[in-house]
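Okay, structure first, notes after.
Just so it is clear: chains get the letters A, B, ... in the order the sequence lines come, proteins before strands, and each one is counted from 1.
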Amino acid sequence: MKDRLRQELEAALRRLLQGFGDEGPVPEFALEVPRNPDHGDFACNAAMLLSKRLGKPPRDLAEALAAELGDAGGLVVAAEVAGPGFLNLRLASDRWQDLLGQILRAGDAFGSGDTLAGRRVQVEFVSANPTGPLTLGHGRQAVIGDCLARLLAAQGAEVVREYYFNNGGRQMRILGESVKARYLEQLGRPAEFPEDGYQGEYIAQIAAALREREGDAWLDEPGDGRFREEAEREIFGWIRRSLDELGIHFDVYFNEHSLYAEGKNDEVLALLRERDLVYDAEGAVWLRATALGLDRDRVLVRGTGEPTYLLPDIAYHREKFGRGFDAIIDVQGADHFAQFPFVQKAVGALGFDADAVELVMHQFVTLTSGGEQVKQSTRKATYVTVDELLGDVGPDVFRFFMIQRKSDGHLDFDLDLAKETDWKKNPAYYVQYAHVRTHGIERKAQEKGLAMPGADDVEASRLELPEEVELLKKLGEFPELVERAAEAREPHHVAFYLRELAGLWNPYVQDGTRHRVLSDDPGLTAARLGLALAVRIVLRRGLALLGLSAPERM
RNA sequence: GGCCCAGUAGCUCAGCUGGAUAGAGCGCCUGCCUCCGGAGCAGGAGGUCGCAGGUUCGAAUCCUGCCUGGGUCACCA
């Protein structure tokens, strides 16, 4: 409907321009739903954009545009010039109501688009190494990545969720040593805890479990290898369980080690060397990043012969391109932000489309309870884990709170509000409860022997109350919202939209005096049941995009 | 110090990529209904959009410079 209106406006603008002897392009104008309903259903700013170009006052141009537009093929009943030169358009009222039939016919397909049809997109996220339980930062990233993947899929993309991890190297060695030290301590043996070892209590837990199972059989185990394997297996188990509980499943777990094993790092090194982007200095191998416009060079291979993380990361991204993705999205915490340009530029230098690699960055999570910030210290290992928080609030609330904020910018997780079980206060429940109510109404209807109407059974023109039209308008915004959120990689918009929709629907249902869904008027009842169904469809779709359940009862 | 992000109501935050009188939730205030140490309904107050310039018919939004908070500047990942 909006698209048709836009086409009509473009045509009218072209005629208008021709009238002035201007054969230039039609400007990119905005067509939006004004905040103030008095300003009509849609407002168009084209006249103001053309004012300078045509040397005419904007209001005069808007007047002329209105004349050219006419009734836009029966779409528009009123067009008035307002303010500095807006053209406010009011649609024939049944146009909004046609929307109801569209939603009911589309069902769960409503809100899906095809802007990414046929595109292969990879979303890489979480990617936590198995050195400890998932932190809230990881939790946020997990939810952002997963919601993003859902949004992209809703626009027709073929999405691969990927988890990149490294179970080798220095940090894993320290992990093994830490577990070993705790194990020995627990059995009363002298043990030297590594200087930068992992302090967390979970290390002792792993050691204790080991002692339980193996007794003192590992006392004389040489080195840290078996301890490391044990810790990795255990910790990865925790991570997988947390992700499972959040409803997040990866298509690919990519082990950094395979890049070494298959010689991919060496290949990249050779390719970069061919392009004179590599040099040797101070015993190390360097990336000539300054030649790529970055502010300093970086080490690719340490003096010890071991690559830094950067080399495999470049190789990894080369490998991603090799798999034919049209877009590669890396979701990362702000602490990794500075590294991204090196990977991106290096991949570009290898001949790949650097712009196809995108970064979705997110800031950290703080936890607030009782008006106080809960101290998070990785060092002292007093941080709250995803698991603990999930235990407190459950996956739905967890996800909703994590996706509620735009990913740039800090997220303050209000634990008290999250634990709040009153549906009116907790926004996650508020949205879910709105969905429940569509089922509550259906149950009521069934008691009266009424079935939910099909798309062709509703006389949508019966929905005349302002609050009903407002609901329909809000429902109509959904597809555009999904498209925009996917395009901008900003899943938080969905959460806000749902909160707003629920904020219209809940009071509508609650107010049983002004209007009742189930009345003595069969036609009106059918129309309102249709509205309930449409609201349900959109809420269910929106909740699914966020990975929340859409319960029928609460 | 360089770079990145943020600064909007008492608090937590939106603000559809430059539009009209800047919004939501929580909190607060007032009335009504109940009068149970609770909850509901209706209404209300609350803003120099960090500061100062600039671009524009028009700026919370774009540009420049400052201020504040966080992040980051490893031969850690």
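A salt bridge links Lys474(A) to Glu477(A): one of the charged nitrogens lies within less than 4.0 Å of a carboxylate oxygen. For Glu319(A) and Lys264(A), the salt-bridge test fails: no basic side-chain N is under 4.0 Å from an acidic carboxylate O.
Distance, Phe337(A) CZ to G70(B) P: 19 Å, rounded to whole Å. One can place CG of Leu310(A) at 14 Å from C1' of C73(B), the figure rounded to the nearest angstrom. Residue Gln339(A) contributes atom CD, which lies 13 Å from atom C1' of C75(B) at whole-angstrom precision. One interatomic measurement links the two molecules: CZ of Phe340(A) to C1' of C3(B), which rounds to 15 Å at whole-angstrom precision. Nucleotide A77(B) holds its P atom 11 Å from the CG atom of Leu311(A), rounded to whole Å. Between Leu287(A) atom CG and C75(B) atom C1' the separation is 14 Å, expressed in whole Å. Distance CG (Leu50(A)) to P (U56(B)): 18 Å, rounded to an integer number of Å. Distance, Met172(A) CE to A77(B) P: 13 Å, rounded to whole Å.
When the C1' atom is used for both C51(B) and G46(B), the distance is 23 Å, rounded to whole Å. Taking the P atoms as reference points, A45(B) lies 13 Å from G23(B), given to the whole Å. Atom name C1', nucleotides C3(B) and A9(B): the rounded distance is 33 Å, in whole Å. Atom P of G10(B) sits at a distance of 16 Å from the matching atom of C29(B), rounded to the whole Å. Remark: the separation of the C1' atoms in A14(B) and G7(B) is 15 Å, to the nearest Å. The gap from the C1' atom of C11(B) to that of U55(B) amounts to 36 Å, rounded to the nearest Å. C67(B) and C26(B): their P atoms are spaced 39 Å apart (whole Å). Comparing the P positions of C16(B) and C62(B) gives an interatomic distance of 10 Å, to the nearest angstrom.
Between Asp422(A) and Glu256(A), the one whose closest nucleotide on RNA chain B sits nearer the 5' end is Asp422(A).
Note on Phe364(A): only backbone sugar-phosphate atoms sit closer than 4.0 angstrom, heavy atoms only; bases stay farther off. Nucleic acid contact class of Ser51(A) (heavy atoms, under 4.0 Å, all strands): none. Contacts of Gly409(A) with the nucleic acid, taken as non-hydrogen atoms under 4.0 Å apart, involve only primed sugar atoms and P, OP1 or OP2. Among the atoms of the strands shown, base atoms are found under 4.0 Å from some heavy atom of Ala284(A).
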Open item on the list: Strictly under 4.0 angstrom, non-hydrogen atoms only: write out the protein contact profile of nucleotides 10-30 of chain B, one letter per nucleotide from the 5' end, B, S or -.
Closed with: --SSSSBB-BB----SSS---

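Within the structure, the salt bridge (Lys or Arg N to Asp or Glu O under 4.0 Å) test picks out no pair touching residues 424-436 of chain A (sequence neighbours left out).
Each of Tyr316(A), Phe236(A), Phe125(A) was scored for a ring pair (Phe, Tyr, Trp, His ring centres under 6.0 Å) with Phe165(A), with one residue passing: Phe236(A).
Here Tyr429(A) pairs with nothing under the ring pair (Phe, Tyr, Trp, His ring centres under 6.0 Å) rule; sequence neighbours left out. With sequence neighbours excluded, the residues that form a salt bridge (Lys or Arg N to Asp or Glu O under 4.0 Å) with Lys320(A) are Glu124(A), Asp330(A). Considering only residues two or more places apart in sequence or on other chains, Arg288(A) meets the salt bridge (Lys or Arg N to Asp or Glu O under 4.0 Å) condition with Asp276(A). Every residue was checked against the salt bridge (Lys or Arg N to Asp or Glu O under 4.0 Å) condition with Asp114(A), not counting sequence neighbours, and none meets it. Take Arg399(A) and apply the salt bridge (Lys or Arg N to Asp or Glu O under 4.0 Å) test, not counting sequence neighbours, and it matches Asp146(A).
Checking C75(B), A74(B), A77(B) against the side-chain heavy atoms of Tyr309(A) singles out A77(B) as nearest.
U12(B) has its base anti relative to the sugar, with a glycosidic angle deviating from 0 by more than 90°.
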Task: Watson-Crick and G-U pairing of RNA chain B written in dot-bracket, each distance under 3.5 angstrom, with | for inter-strand partners - done: (((((((..((((.....[...)))).(((((.......))))).....(((((..]....))))))))))))....

Using a 3.5 Å cut-off and no angle test, enumerate the donor-acceptor pairs between side-chain atoms of residues 277-287 of chain A and protein atoms at least two apart in sequence or in another chain.
{"unit_1": "Tyr279(A)", "atom_1": "OH", "unit_2": "Asp297(A)", "atom_2": "OD2", "d": "2.7"}
{"unit_1": "Asp280(A)", "atom_1": "OD2", "unit_2": "Arg273(A)", "atom_2": "NH1", "d": "3.4"}
{"unit_1": "Trp286(A)", "atom_1": "NE1", "unit_2": "Ala281(A)", "atom_2": "O", "d": "3.0"}

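Expressed to the nearest 0.5 Å, how far NZ of Lys473(A) lies from CG of Leu99(A) amounts to 11.5 Å.
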